[in-house]
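If you're wondering where the values come from, they're calculated on a predicted model, not measured in any experiment. Numbers here simply count residues along the sequence, with the first being 1. Order of appearance sets the numbers: ligands from 1, and atoms from 1 within every ligand.
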Amino acid sequence: MTPMTAESESPDGPMSAGTGRPVRLALTRRAGRPARHLADLSRDERRQVAVSLGQPAFRADQLSRHYFARLVDADETETMTDLPEGARGPLLEALLPRLLMPTRTLSCDDGLTRKIAWRTADGALLESVIMRYPDRATVCVSSQAGCGMGCPFCATGQGGLTRNLSTAEIVEQVVHAARVLRRRELAGGEGRLSNVVFMGMGEPLANYTAVTAALRRLIAPPPEGLGLSARGLTVSTVGLVPAMRRLAGEGLPVTLAVSLHAPDDELRDELVPINTRWPVAEVLAAAWEYAEASGRRVSIEYALIDGVNDDVARADALATLLAGRLAHVNLIPLNPTDGSSWRASAPAGQRAFVRRLRERGIATTVRDTRGREIAAACGQLAAEPAGRARHVESATTVEAAGAANGSSAHGNRVLR
Ligand code: SAH
Ligand code: SF4
């Protein structure tokens with residue numbers, strides 16, 4: 001853990017050499033490197049760590065099974081009875097540190113949706129959302145704390161980037177969701193996690209190495225990983241073309257979602273600033289390469305913003321771009337965020353947009369609006385200290401109990 005450190009804003013230290021006057025001291029939380037966790041490592045690397053602790057290599061597999069197959073939480077390690085008491089402590093310390101503390105847990109949709117705000121050991125904030133449907137259960141994970149892409153309609157983008165998450169910090173959000181579902185903590189009885197979408201905070205392809213390692217870990221069967229089907233995994237990107245091409249070459253059969261939001265560069269430059277670097281035509285060319293390489297339909301994400309990008313002429317232009325491609329359009333009613341006057345399209349405008357795309361033969365869905373009341377919908381994930389989120393708490397049912405001191409980090413109580 002990196003403590004709060006007092007740092008001078010001057011390279012000369014607290015006393016400026018030039019003037020002899022004291023410079024202002026700023027409390028700066030230095031972004032730390034998260035502790036190593038078994039989910040950061042391959043199976044072989046974990047085994048080497050066990051051996052370096054004087055333990056047989058298979059102890060690393062035992063520990064990995066507790067984590068990935070039994071979904072044991074870090075405060076239930078006494079249930080790991082196959083690990084001799086003397087070996088357990090050092091193994092846990094070396095391979096299973098607690099990486100994420102829940103700071104707040106909110107639920108809605110009759111208990112079928114839950115948002116968890118997390119704090120990392122070095123104080124970075126991130127969020128994940130678990131959503132239960134009749135036929136599947138999905139967790140929406142963060143790949144970065146914050147995001148540096150600056151899309152003006154997105155709450156995360158407005159806060160800037162804190163840091164990349166580690167592989168294990170990403171995997172841990174997923175394992176937590178699997179645990180919550182298995183333990184019937186969400187309404188609807190015991191559930192099995194089937195889908196993971198990288199649509200929380202951050203731009204996954206700007207944290208390429210950690211995200212692709214996390215994907216591999218999620219797919220690999222225990223003890224290497226969690227054993228999810230690759231078909232249930234979706235990576236959403238703002239359109240970082242070189243990274244999209246690289247992902248196409250990884251042989252990971254995950255679904256790619258591309259956040260387009262406008263068919264023309266003039267408007268997309270405004271909605272998605274990175275478009276000035278990689279314009280629409282290049283982003284779509286990379287998307288089609290991905291579709292070709294993976295054999296999977298690319299999902300084109302399009303947030304409908306009233307009077308901005310929801311005119312039928314743009315539906316036509318979009319249809320022309322996508323005609324004959326392995327793609328479908330996923331329309332997202334805009335979630336209004338503080339600091340922006342943009343609103344979701346009116347129902348009639350949304351219907352006309354959908355109708356035109358379908359008339360032109362483009363498969364189109366409208367994303368549901370799960371989690372709206374708890375600010376858990378797309379683009380609303382902007383973790384902030386508890387005190388600043390009153391408007392959220394008033395609509396909520398769940399609070400983290402004991403999270404502040406970490407003593408019962410997963411002991412969240414439903415207050416309803
Ligand atoms: N950075 C990635 C993934 C995280 S954002 C990306 O941009 O694709 C996940 C999705 O939520 C993206 O499609 C993004 O455009 C969308 N989104 C962001 N803010 C939104 C908002 N206010 N309303 C609706 N969708 C939003
Ligand atoms: Fe980042 Fe995606 Fe939000 Fe844009 S929409 S700021 S890329 S999280």
Total protein N, O or S atoms, atom 3 (Fe) of ligand 2, separation less than 2.8 Å: 1

T237 and E203: side chain donor to acceptor below 3.5 Å: yes

Under 4.0 Å from ligand 1 - residues by heavy atom, chain and number: F153, C154, F198, M199, G200, G202, E203, P204, S236, T237, V238, S259, H261, E301, I332, L334, N335, T337, C378, G379

Residues R360 and T320: side-chain donor-acceptor under 3.5 angstrom: yes

Between T364 and R358: side-chain donor-acceptor atoms closer than 3.5 Å: no

Whether F353 and Y302 hold their rings parallel, tilted or perpendicular, with breakpoints at 30° and 60°: tilted

Any donor-acceptor N or O pair under 3.5 Å, side chains S128, W118: yes

Residue from E127, R104, H176 passing side chain to side chain contact (heavy atoms under 4.5 Å, CB included) with I116: H176

Audit row: E190, R182, salt bridge (charged side-chain N to carboxylate O under 4.0 Å, His left out) steps and yes/no: CA-CA 5 Å; E190 185 175 337; R182 186 183 290 176; 5.2 Å; no

Atom 6 (S) of ligand 2 protein-contacted (non-hydrogen atom, under 4.0 angstrom): yes

Stepwise salt bridge (charged side-chain N to carboxylate O under 4.0 Å, His left out) test for E185 and R179: CA-CA 9 Å; E185 288 176 28; R179 185 185 298 131; over 6 Å; no

Pair E224-R216, salt bridge (charged side-chain N to carboxylate O under 4.0 Å, His left out): steps then yes or no: CA-CA 9 Å; E224 172 88 34; R216 290 185 205 288; over 6 Å; no

Residue pair T77, R88: steps toward the side chain to side chain donor-acceptor pair (under 3.5 Å) verdict: CA-CA 8 Å; T77 51; R88 211 182 290 163; 5.7 Å; no

